[in-house]
Peer 1: 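Shown below is the structure under consideration.
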Amino acid sequence: LKISLISGPLGMLLDNYHGLFGVLSYDQLGIPINIYDFNGDIILKSAVWVPLLFGFAGFAMSSIGLLLDEIFQTDDIIKNPKGPKTL
């Protein structure tokens, strides 16, 4: 659940880069979200469904990783590395 709550907003911020740099845009069916600053410049450009999609994707990928750890009996030291091994 935590990973879904983190993945949703982060996915929206990543999608924002594509929107601001013109890589993609959403029509009215995509229910676009545009957030403007006080000068009228767009600071966030995405769609309503993006956080839901990324939240689900984060949950699905994390669940698959946990399932595979159980199937292959991954050691705890590999699942939870500490210090320099993480970097």
Side-chain angles (χ1 to χ4, degrees):
L1 180 63
K2 289 179 187 177
I3 197 73
S4 295
L5 295 175
I6 293 168
S7 298
L10 287 177
M12 193 171 200
L13 291 174
L14 291 172
D15 185 58
N16 181 48
Y17 284 110
H18 292 107
L20 289 179
F21 293 109
V23 175
L24 61 81
S25 63
Y26 299 105
D27 60 10
Q28 294 302 323
L29 294 175
I31 311 173
I33 297 174
N34 295 323
I35 298 177
Y36 299 89
D37 66 6
F38 295 113
N39 297 325
D41 297 324
I42 294 179
I43 57 173
L44 181 72
K45 187 174 183 179
S46 191
V48 170
W49 50 266
V50 169
L52 298 172
L53 179 67
F54 274 84
F56 176 75
F59 175 78
M61 289 186 290
S62 297
S63 297
I64 290 169
L66 291 172
L67 178 65
L68 291 174
D69 283 343
E70 287 296 319
I71 290 172
F72 293 110
Q73 299 176 352
T74 305
D75 291 331
D76 286 338
I77 193 71
I78 295 172
K79 288 193 288 190
N80 302 310
K82 295 194 175 26
K85 290 186 179 194
T86 303
L87 303 174

Peer 1: Please check if Met12 and Ile43 belong to a single hydrophobic cluster, counting links between Ile, Leu, Val, Met, Phe, Trp and Tyr side chain heavy atoms closer than 4.5 Å.
Peer 2: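 Cluster IDs for Met12 and Ile43 match.
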Peer 1: Measuring from Asn34:CG to Tyr26:OH, what's the distance to the nearest 0.5 Å?
Peer 2: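 Asn34 CG to Tyr26 OH: 11.0 Å, rounded to 0.5 Å.
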Peer 1: For residues 46-60, tabulate all N or O donor-acceptor pairs below 3.5 Å that involve a side-chain atom, not counting sequence neighbours.
Peer 2:
from  : atom 1 : to    : atom 2 : distance (Å)
Ser46 : OG     : Asp15 : OD2    : 2.7
Trp49 : NE1    : Gly30 : O      : 3.3

Peer 1: Applying salt bridge (charged side-chain N to carboxylate O under 4.0 Å, His left out) as the test, list every pair that has at least one member in residues 33-48; sequence neighbours left out.
Peer 2: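 Checked against salt bridge (charged side-chain N to carboxylate O under 4.0 Å, His left out) - neighbours excluded - no pair reaches residues 33-48.
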Peer 1: What residues form a side-chain hydrogen bond (donor to acceptor under 3.5 Å, both in side chains) with Asn16, not counting sequence neighbours?
Peer 2: none
Peer 1: Quick one: side-chain hydrogen bond (donor to acceptor under 3.5 Å, both in side chains) partners of Asp69, sequence neighbours excluded?
Peer 2: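 So Asp69 forms a side-chain hydrogen bond (donor to acceptor under 3.5 Å, both in side chains) with Thr74.
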Peer 1: Quick one: hydrophobic cluster around Ile42, which other residues, with the 4.5 Å side-chain cut-off, linked directly or via members?
Peer 2: Leu20, Tyr36
Peer 1: Testing Leu66, Leu68, Leu67 for side chain to side chain contact (heavy atoms under 4.5 Å, CB included) with Ile64, which one passes?
Peer 2: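 The residue from Leu66, Leu68, Leu67 that satisfies side chain to side chain contact (heavy atoms under 4.5 Å, CB included) with Ile64 turns out to be Leu68.
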Peer 1: Which residues pass the salt bridge (charged side-chain N to carboxylate O under 4.0 Å, His left out) test with Asp76, sequence neighbours left out?
Peer 2: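 Testing Asp76 for salt bridge (charged side-chain N to carboxylate O under 4.0 Å, His left out), a comparison that skips the adjacent residues, returns Lys79.
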Peer 1: Should Phe72 and Ile78 be counted in the same cluster of Ile, Leu, Val, Met, Phe, Trp and Tyr side chains packed under 4.5 Å apart?
Peer 2: no
Peer 1: May I have the step-by-step check of side-chain contact (heavy atoms from CB on, under 4.5 Å) for Met61 and Ile3, ending in yes or no?
Peer 2: CA-CA 10 Å; Met61 289 186 290; Ile3 197 73; over 6 Å; no
